[in-house]
Amino acid sequence: MGTFLLCSSMLLAQKTITGKVTGTEDGSALPGVTVAVKGTTTGTITDLEGNYKITVPAGSNTLVFTFVGMKTQEVEIGTKTSVDVALEPSATQLEGVVVTALGISREKKSLGYAVQDVKGEELTKAKENNIVNSLSGKVSGIQVTNSSGGVGASSRIVIRGATSLNKSTEPLFVVDGVPVNNKEFGSGDGFGGANRGNGAADINPDDIESVTVLKGANAAAMYGSQAGNGVILITTKSGSLSSKKGKSMGIEVGNSTMFEKPLRLPDYQDKFGQGAEGVFSYVDGAGGGIKDGVDESWGPKLDVGLMIPQYNSPKDGAGNYTPTPWISAPDNVKDFLETGVTTTTNFALQAGTNTANFRLGYTNLYQKGMLPNTNYKKNTINIGGVASPVEKLTINGNVSYVMANSDNMPSGGYDAQNVMQQFIWAARQVYYPDLKNYTNPDGSKYNWNYNFHNNPYFTLYENLNTIDRDRITGSTKISYQVLKNLNVFLRTGMDAYNNLNTARAAWGDMDNPYGYYNEQLSTFKQITNDFIALYDTKFSEDFTLNATFGGTRRNETTHLTAGYADELAIKGLYTIANSKIPIVSTSRIERKAVNSLYASASLGYKSALYFDVTFRNDWSSTLPAENNSYPYPSFSLSSIFTDLLKMESKTLTYAKARISWAQVGNDTDPYKLLPIFAFGSPWSGGEISKTLTVPNTLPNSTLKPEKTTSIEGGIELKFFMNRVSLDMAYYNNKTIDQLLTIPVSAASGYLAKSINAGRVDNDGIEITLGATPFESANGFNWTINFNFAKNNNEVVELTDGVEQIDLGTYWDLKVIAKPGEPMGVLWGADFARDENGNIIHENGVPVQGDPTNLGNYQPDFTGGINNEFSFKKITASFLVDVHKGGSIYCMTNSWGRYAGALEESLIGREGGIVGVGVKDDGTGKYVTNDVVVTAEEYNHAAFANNIPAGSIFDATYIKLREVKVGYTIKKIAGFSFKGLDIALVGRNLALLFSKIPHVDPETSFNSSLTQGIEFGQIPSARSFGFNVSVKL
Amino acid sequence: MKKIGIVGLAVIFAAFLMIFNSCKKDFEEINTDLNNPGLDKAAPDMLLTNIIESLSDRVHEIFLGEEMGNCWAQHEAKVQYTDEDRYIYRMSVVNNSWSSFYAVSGMDAHTLYNYAHDKNLYHYKGISLILKGYIASLMTDLWGPIPYSEAWTGENTLPKYDTQESIYRDVIAKLEEANTLLKGPAGPDEEIAGDIMYNGDLERWQKFANSLKLRLLLRMAEKDVAFVTAEMTKMLVTSPTDYPIFTSNFDNAQLNYLGSSPNNHPINENRKTRDDHRVSKKLVDTIYKNAPYGDYRIAIFADIAPGKGDFIGLPNGLTSSQAASYNENGIKNTSKIGSYFTKATAPGMLMSYAELQFILAESVLAGYVTGKGVTDAEAYYKEGIFGSYNQFGDEFLTIIANTFFSAQNPMPAGLTLDDFAQDFYDNDAFPWSTDPVMALKRIQIQRWVASFDQGLQSWIEWRRTGQPEIKAGAAAANGGKIPQRFAYPSDESARNETNYKAAVTLLGGPDDLNTRVWWDVTENN
């Protein structure tokens, strides 16, 4: 020791310090910690074992240790030659490091735009099959709509409102830096079809480490044209290198079992049964008896001792149905539905050293739907690894293989294949569970009606929609530390699937007497190659620079092959070759390529002021050569005032302000530029005559990309030693040059034309408030998280001569975009009204008025409140989700009242109805209506589909979205493990408030812009169950 | 070490840029649509097939042809969902029909014309003119003024409307041009293919052009007697060999549908799941119930009502519940449309030989054909009835045998449809009359009967002639009046507003169902 002291004093000019850096949490070594000599530009970083060696110039006496997520520590050297340091997690660690665009980790405090992240375990404790649903209520500014209660159905997610009138308004999903396709695998609409789920639902929640939501164009500018709607960045548990020497290993096993019951079923009336004008008598169920072809419930009174021949009455000797008691069946729909069960079992193994790590995960999901004979199955294998075979070189790899299939996914929408349709119309006295045997012993059909409906069990057991998908997503990445502060990597990512959809109807189906069978096989392949160089340096003690430069080439190919046998020759054989009529088959290939170059620089000053610039240029194959190159610039500035001004306050512990500006765009779909002919259906007489036709959309060879310009500002504040935190953001987006397909006069020879025009604006605020109202030494904690978002959407302009664009047409109601209004105006006929707004009646029933703006599907605001309580090993939390405003056109209400099935149809059943309003007294003067009509006549007129106004409702709701109670054990009977978590969980538990009767206001049938329509909703599920996971 | 790193970086980067640049060149190839033929691969035969099929499909489309056409002409009535039968039409049907005539059959015909014109394919050009003329004349008869001179240009998305008169005159001129082209030489290597109506038989196309022209001439006759007389006289008397017309049912402009979807008759597809149409009481009364000596054609038009064992027509324009309870049980106790018209292979008729005979009879009777007289009119009238009987072929003979004869009283061997036509003609309680007013009425009523299931044309003719005398049904909307036209599609008022407004001015009345088109001068409501 003395010798050392002597030596050091002799070498006054400079000395070498060695040491090791560890973390205070578990004492493990920290690699990559920056060790700098204060007041100089000298610095180094720790190696994989946390060791460092630095030469300290004369006159310097302080070392500065900095590491993301840790408190910076300054250590006086004095006479020491060895300095070991243990770094503490920084105060801001809760939101320390986030993954940003291109997979680059950044300190959250350095960002000039809004991001919000969700940890993986938050997604798996109360498990949703669809990752998209898990985000509901947890992230401000996103709107999630669970489309249906059917198994495997898709969910729609929109961040900060819809920007484009043309393309999907859903965000880009990126897994480990590689875009993943979120297209729907087959979606229904309001008129039928099975919702077969969305691409992101293939991402397995058990393999997710964290989810980061890049909300605006500003955050997403580096992703270019795909990111106009924001980005959902997902980081998987592919494993990172252990910071400790030696081997490490972990095993995780979990099971989640959830039971599902309908959240809400319509309130039916149970006083009157099937029929019309008060009468009914069954002969053949198709009009042969007295009103027995009618499926409505305007028949005789139930439960008053009437005896009436019915479909299930015994026959007398002459083969006639004999009268049987006419009684109600109040739970006929409830009992038809079964308890759904979803079990998810996962297993993961992780093993590694400080130079290699490997993780294998397997998850099995089995879902049995609430509708009989529907299910969904998914198996996921995920293998990930990282290795550093030689110094400075790191190789990452990750691959997920997903097998998803279903034996039957229910059809939705207003369609005979959706059993909910007949329950809306249905005869109230029929107890549906009694129809389970849908075939009589002699092979004939058994049903309650032969005029309109299939036996609902026939529909679900014979008319099947299947899906069978194999999907591989994965990426490899090689990164090399070229220089001390220059890292480059090459990454190849792929997303490929084969997806086979089949749909069938059996012989004897009401709409398809000979049934049908069709298959659609789609193959999708997307390859993304990236090259990125990352450079970070420190100019002086105060300035840091973080720069990236890179390029991407993305190739996408979709190939669809489909065959249709629209009538079947042999009963019960489902293959295309069994077509009774000429087989229709098609194939389609779509290809697309996008090249990009990008660069970014982030300049930091004293870790308290950051200025970022990003620039990206895309070249898309879908646009004409002269317009196919387009840049996306962005700028952002953020300042942590508390650090910059060295504010030392116990009240305001952290204050940050940020502002940014960005521009991103949207390209278009392939083949929109040049005119073509389209094949029509062939004329198959003798030799087949092919047909050609001029397509209905006039192409445009001068298309250019859409452009969204976005400005965002925000502040983040933390008070009382971070016990209260507030994050507020304001944004303003304008999307111009919308790629519109506008309707044109058919007399031009076309129905529509592709153009660039129009503007859609979104502006809004988002507030995230977190607080720990109670924290005690004995371990009781209470935290609240509150999310609020208000988005104002406006279609500012379309183009000359186009007053509206139809986003969807549902009978006499259209969902339109109209200048001056938010996107999604519900446009349809109101009741005719006099000048005082009274409804005009003619012959006692309301008269149809002119089409008008009946509402809009955009909500006023959305939000969520999550409360979490923890006491020692117990945690409990509940999440309440709020959706205020917006309108829905509810078909269950229209037809349910028209058909006399709903509770409200009891009004005036016996005394008749005098409609509230006026009538023409014969001289053109309006006087109070006093004409009495039957409830049947009144409801038929007021709730038919020609006057949608009667069925528009406020979509406001408050839902108890999630409840969790968990218990963590570390040791049982002397056997210890890393964790045993047991949780009781519930999702979508209760509709606490709703303004719309009979249905779940959260309703949709696909991810398109056509929202705000309820058209025979499959009831959404209230699910509850348990979750067990063990970590060894 | 540092050097190696930089070199390595440079190499990687250079390699990347190389890949990147080479890839960009393939953009055009990547964005080439491999699924559909480009404009350079136009095939006139494939376009022709589609024009004929889509035109016939639309004319016989269930809402347009069956429920507006056939019900408004009172050939048929609806027993369920009776809205259209009460003149409560769906705007979507009007929109879709307009769109289909313009953007599908019309646009394809126009494209075929342009292609044939560029390549000097004279016969294709002639055929495209006939089909386009058929579409334009049908549309102007349905709506009145429509876009025509500025239509089908693609780039002009706001085409102006033309008067019905100018459209009629131009279509007639184009049919003249078609007649000339079709009798002239073929273009280089031109051979008509894809012709699912006449199988490339140019003479029959020529006959169709001239027969259609006569239909239009008679329809506009009261507006320009001199012109019509000159044209008809030229065609029928002065140079008939230059203007061949239909000479038998073989020449009928009809698409013979095939046995299965999607090439079956639209009504056949509808019948697979729906059963909403019945034969109208007006028709049953006219040719059967109130006729002292029945017309055998009742048996081809109507099925026997199963609940009653007789031909029973359903009154038009009832409410759904009135229709359902008509005659105790409307569904069972009224006559369905005969299977000849609802089978998969039912013909999609665009214009028949019988109709032409009645056109000739009326034209001659009215004096539009200089050099022909009343006896010629009578001969045409009789040939119209005979033509109508023969139109239904052997299937009709079988139906007659099964309906009017039995095992005890079998149909004598060797009888032909001519024999039954003659029997009806001889015993008709309302026979040919030498009174010109009565004769005219007979021609017009028989034309209506012979045009069963050609609802749009029968309704248009009723608007012109007021024959037969039909009344709106009990629960009819539209002020209890039978419509005189279609209202313009709401798509047009939204997408082509300025020109739409000008069109209403041209129309000369409100854009509703009751304003009369240019040639319509008959009070009939």
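Chain A is the first sequence line, chain B the second, and so forth, proteins listed ahead of strands; every chain is numbered from 1.
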Inset, instruction - Considering only heavy atoms and a distance below 4.5 Å, find which of A286(A), G293(A), A276(A), G288(A) pairs most often with chain B. - result: G288(A)
Legend entry - Separation of S745(A) OG from K160(B) NZ (nearest 0.5 Å): 13.5 Å
Legend entry - Heavy-atom closest contact (F679(A) atom, P37(B) atom, distance): CE1-CD, 3.7 Å
Inset, instruction - Would you check if there is a donor-acceptor pair between the side chains of D511(A) and T273(B) at a distance under 3.5 Å? - result: no
Inset, instruction - With the side chain counted from C-beta on, respond yes when N946(A) and R90(B) share a heavy-atom pair under 4.5 Å apart, and no when they do not. - result: no
Inset, instruction - For atom NZ of K291(A), decide whether the heavy atoms of other residues, nucleotides or ligands shown that lie under 6.0 angstrom number more than 12. - result: yes
Legend entry - Part of K484(A) within contact of chain B (heavy atom distance under 4.5 Å): neither
Legend entry - side chain to side chain contact (heavy atoms under 4.5 Å, CB included) partner of I676(A), chosen from L39(B), D33(B), N35(B): D33(B)
Legend entry - Spacing of OG belonging to S681(A) relative to CG belonging to D57(B), to within rounding of 0.5 Å: 7.5 Å
Inset, instruction - Could you tell me whether Y514(A) atom OH has more than 12 heavy atoms of other residues or ligands within 6.0 Å of it? - result: no
Inset, instruction - Report the option among G154(B), G106(B), A494(B), S100(B) that has the most heavy-atom pairs separated by less than 4.5 Å from atoms of chain A. - result: G154(B)
Legend entry - Shortest non-hydrogen contact between I30(B) and R553(A), atoms and distance: CD1-NH2, 3.9 Å
Legend entry - CD-CG distance between E269(B) and D566(A), expressed to the nearest 0.5 angstrom: 8.0 Å
Inset, instruction - Give a yes or no answer on whether the side chain of N496(B) reaches the backbone of V744(A) with a donor-acceptor pair at less than 3.5 Å. - result: no
Legend entry - Distance (rounded to the nearest 0.5 Å) between T32(B) OG1 and L674(A) CG: 8.0 Å
Legend entry - Region of A193(B) that comes under 4.5 Å of a non-hydrogen atom in chain A: neither
Legend entry - Closest-packed option against chain A by number of heavy-atom pairs under 4.5 Å, given K332(B), E53(B), E497(B), M107(B): M107(B)
Inset, instruction - Counting only heavy atoms closer than 4.5 Å, note whether L673(A) contacts chain B via side chain, backbone, both or neither. - result: side chain
Inset, instruction - Measure the CE-NZ distance between M510(A) and K272(B) for me, rounded to the nearest 0.5 Å. - result: 15.5 Å
Inset, instruction - Would you name the heavy atoms of K41(B) and L692(A) that are closest together and state the gap between them? - result: O-CD1, 4.3 Å
Legend entry - Closest-packed option against chain A by number of heavy-atom pairs under 4.5 Å, given P262(B), S261(B), G38(B), P147(B): S261(B)
Legend entry - Main-chain N/O of S621(A) paired to N31(B) side chain as donor or acceptor, under 3.5 Å: yes
Inset, instruction - For residues K690(A) and T49(B), determine if any side-chain heavy atom of one lies less than 4.5 Å from a side-chain heavy atom of the other. - result: no
Legend entry - Ring geometry between F452(A) and Y81(B) (parallel below 30°, tilted from 30 to 60°, perpendicular above 60°): perpendicular
Legend entry - Counterpart residues, side chain to side chain donor-acceptor pair (under 3.5 Å), relative to N156(B) (two or more places apart): E150(B)
Legend entry - Salt-bridge contact R591(A)-E29(B) (side-chain N to carboxylate O under 4.0 Å): yes
Inset, instruction - Give the member of T498(B), L34(B), L258(B) that has the highest number of heavy-atom pairs under 4.5 Å with chain A. - result: L258(B)
Legend entry - Proximity breakdown for D284(A) and chain B, heavy-atom pairs closer than 4.5 Å: side chain
Inset, instruction - Evaluate the side-chain proximity of W683(A) to Y257(B): yes if any heavy-atom separation is below 4.5 Å, no if none is. - result: yes
Legend entry - Proximal component of S587(A), with respect to chain B [non-hydrogen, under 4.5 Å]: backbone
Legend entry - Leading residue by heavy atom contact count with chain A [cutoff under 4.5 Å; candidates L112(B), T111(B), I196(B)]: I196(B)
Legend entry - Which residues share a ring pair (Phe, Tyr, Trp, His ring centres under 6.0 Å) with F677(A), sequence neighbours left out: none
Inset, instruction - Using non-hydrogen atoms and a 4.5 Å limit, figure out which bit of V694(A) sits close to chain B: side chain, backbone, both or neither. - result: both
Inset, instruction - Please flag which part of T809(A) lies under 4.5 Å from any non-hydrogen atom of chain B: side chain, backbone, both or neither. - result: neither
Inset, instruction - For the residue pair S260(B) and E567(A), confirm or rule out a side-chain donor-acceptor distance under 3.5 Å. - result: no
Inset, instruction - Please determine, among T693(A), V802(A), L698(A), I742(A), the option with the most heavy-atom pairs under 4.5 Å with chain B. - result: T693(A)
Inset, instruction - Using non-hydrogen atoms and a 4.5 Å limit, figure out which bit of P624(A) sits close to chain B: side chain, backbone, both or neither. - result: neither
Legend entry - Contact winner vs chain B - A678(A), P675(A), G287(A), heavy-atom pairs under 4.5 Å: P675(A)
Inset, instruction - Decide yes or no for S321(B) and E277(A): does some side-chain heavy atom of the first lie under 4.5 Å from some side-chain heavy atom of the second? - result: yes
Inset, instruction - May I ask you to decide if S684(A)'s main-chain N or O and N263(B)'s side chain share a donor-acceptor pair within less than 3.5 Å? - result: yes
Legend entry - Side chain, backbone, both or neither of D812(A) within contact of chain B (heavy atoms, under 4.5 Å): neither
Inset, instruction - Quick one: which of D40(B), N264(B), L255(B) has the most heavy-atom pairs under 4.5 Å with chain A, could you say? - result: L255(B)
Inset, instruction - Measure across Y102(B) and A746(A) and return the closest heavy-atom pair with its distance rounded to 0.1 Å. - result: CB-O, 3.0 Å
